[in-house]
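So the structure is just underneath, and the comments pick up after that.
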Amino acid sequence: MSSKQDRLLDIYRRLLASYGPQGWWPAETPFEMCVGAILTQATAWRNVELAIARLKDNDLLSPGSLMAAGEEVLADLIRPSGYYRQKAARLISLDRYILSRGSSMDWLKQEDPKELRQELLAVNGIGPETADSILLYAGNHPVFVVDAYTRRILHRLGLIQASLDYHRIQQLFMDQLPKDPALYQEYHALIVALGKEACNPKPRCGLCPLRDLCPTHIIPESTIPQG
DNA sequence: ATCCGGACGA
DNA sequence: TCGTCTGGAT
């Protein structure tokens with residue numbers, strides 16, 4: 001029987017059964033993963049793919065190459081991913097940091113994730129979600145990634161207040177789930193799948209595999225909370 | 001018009 | 001806490 005303790009694991013099993021393994025992160029190298037993490041900030045992945053393809057065409061997906069290209073060239077290439085001036089500056093900050101640590105990027109998997117997190121957060125353009133994404137998907141560290149979908153979905157499921165902060169939402173997952181990076185990688189990806197397919201800002205509960213355990217879908221439409 | 005796999009500065 | 005950054009898809 002499922003108690004309150006393993007509800008998140010139960011939700012995970014349902015999402016996996018409905019959507020299948022997502023196989024995240026879609027990148028060929030750790031460096032490409034980090035670049036994607038910056039480019040996808042508040043941006044649909046579809047647009048990020050265009051930007052990454054353009055970088056790849058110009059051989060700019062290796063450490064050092066972004067800095068060498070220069071901010072303006074970079075901005076022009078990543079234009080389809082939006083926020084292109086900000087993100088060009090952020091990619092250069094990222095590249096500088098990676099060069100300072102070693103371009104093989106082995107350190108990302110080998111060093112203490114708590115120390116790495118502090119360093120990442122000190123880089124311009126890397127906030128909590130981006131830092132944790134890099135730790136989880138490029139470093140294979142057991143750090144759960146929280147994004148806007150995660151907060152919205154948990155709130156609609158009645159599991160948290162909409163105002164609960166990043167760290168506490170992260171703790172909720174990490175307290176209830178085994179510290180397994182493969183599990184965290186798949187779970188976050190499945191949450192994003194649910195957020196895209198069904199749990200939109202205007203929820204499409206008819207498509208939702210969790211609707212039978214969600215209090216939101218039985219509320220009349222006019223009173224559905226918009227948070 | 002609305003919404004995207006946020007972060008930063010005021 | 002809020003305004004801003006920006007293009008692309010629906």
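Quick caveat, the model's predicted, so the values are computed rather than measured. Only this structure's heavy atoms are used, side chains among them; waters, hydrogens and symmetry mates stay out. Here is the naming used below: chain letters follow the sequence lines, and residue numbers restart at 1 for every chain.
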Classify Ile126(A) by what it touches in the nucleic acid, base, sugar-phosphate, or nothing, heavy-atom distance under 4.0 Å.
sugar-phosphate
Considering only atom P, compute the distance from dA10(B) to dT6(C) and round it to an integer number of Å.
16 Å
Would you mind reading off the distance between Gln170(A) atom CD and dG6(B) atom C1', rounded to a whole angstrom?
15 Å
First of Gly125(A) and Ala37(A) reached from the 5' end of DNA chain B, by closest nucleotide:
Ala37(A)
Evaluation steps, ring pair (Phe, Tyr, Trp, His ring centres under 6.0 Å), between Tyr184(A) and Phe173(A)
CA-CA 9 Å; Tyr184(A) 290 3; Phe173(A) 283 90; 8.3 Å; no
Send over the distance from Asp76(A) CG to dT6(C) P, rounded to a whole Å.
13 Å
What is the separation between atom CG on Leu39(A) and atom C1' on dA7(B), rounded to the nearest whole Å?
14 Å
Base, sugar-phosphate, or nothing for Asn200(A), non-hydrogen atoms under 4.0 angstrom?
nothing
In whole Å, what is the span from the CD1 atom of Ile38(A) to the C1' atom of dC8(B)?
12 Å
Could you tell me how far apart Lys196(A) (NZ) and dC4(B) (C1') are, to the nearest whole angstrom?
9 Å
Output for pair (Arg156(A) CZ, His217(A) NE2), nearest 0.5 Å, gives 13.5 Å
Which heavy atom of Lys87(A) sits nearest a heavy atom of Thr43(A), and at what distance?
NZ-OG1, 2.7 Å
Does anything in residues 82-91 of chain A reach DNA chain B, meaning a heavy atom under 4.0 Å, and if so which residues?
Gln86(A), Arg90(A)
Is there a donor-acceptor pair closer than 3.5 Å between any side-chain N or O of His141(A) and the backbone N or O of Leu108(A)?
yes
Polar contact flag, side-chain donor to acceptor under 3.5 angstrom, Gln176(A)-Asp6(A)
no
Quickly work out the Ile78(A) CD1 to dC4(B) C1' distance and round it to whole Å.
16 Å
How many Å lie between NE2 on His188(A) and P on dG6(B), as a whole number?
8 Å
Test ring pair (Phe, Tyr, Trp, His ring centres under 6.0 Å) applied to Tyr19(A) and Trp24(A), step by step:
CA-CA 13 Å; Tyr19(A) 295 124; Trp24(A) 273 26; over 10 Å; no
On DNA chain B, nearest-nucleotide positions of Val123(A) versus Trp24(A): which is more 5'?
Trp24(A)
Quick one, which residues of residues 129-147 of chain A touch DNA chain C with a heavy atom under 4.0 Å?
none
Which of residues 42-65 of chain A sit near DNA chain C, with a heavy atom under 4.0 Å from it?
Asn47(A)
Applying side chain to side chain donor-acceptor pair (under 3.5 Å) to Asp132(A) and Tyr166(A), what does each step give before you reach the verdict?
CA-CA 11 Å; Asp132(A) 290 338; Tyr166(A) 184 99; 2.7 Å; yes
N/O donor to acceptor pairs below 3.5 angstrom from side-chain atoms of residues 65-72 of chain A, sequence neighbours left out:
residue, atom, partner, partner atom, Å
Ser65(A), OG, Leu60(A), O, 3.2
Ser65(A), OG, Ser62(A), N, 3.3
Ser65(A), OG, Ser62(A), O, 2.5

By salt bridge (charged side-chain N to carboxylate O under 4.0 Å, His left out), which residues pair with Asp212(A), not counting sequence neighbours?
Arg14(A)
In whole angstrom, give the distance that lies between atom NZ of Lys202(A) and atom C1' of dT10(C).
13 Å
Set of side chain to side chain donor-acceptor pair (under 3.5 Å) partners for Ser81(A), sequence neighbours left out:
none
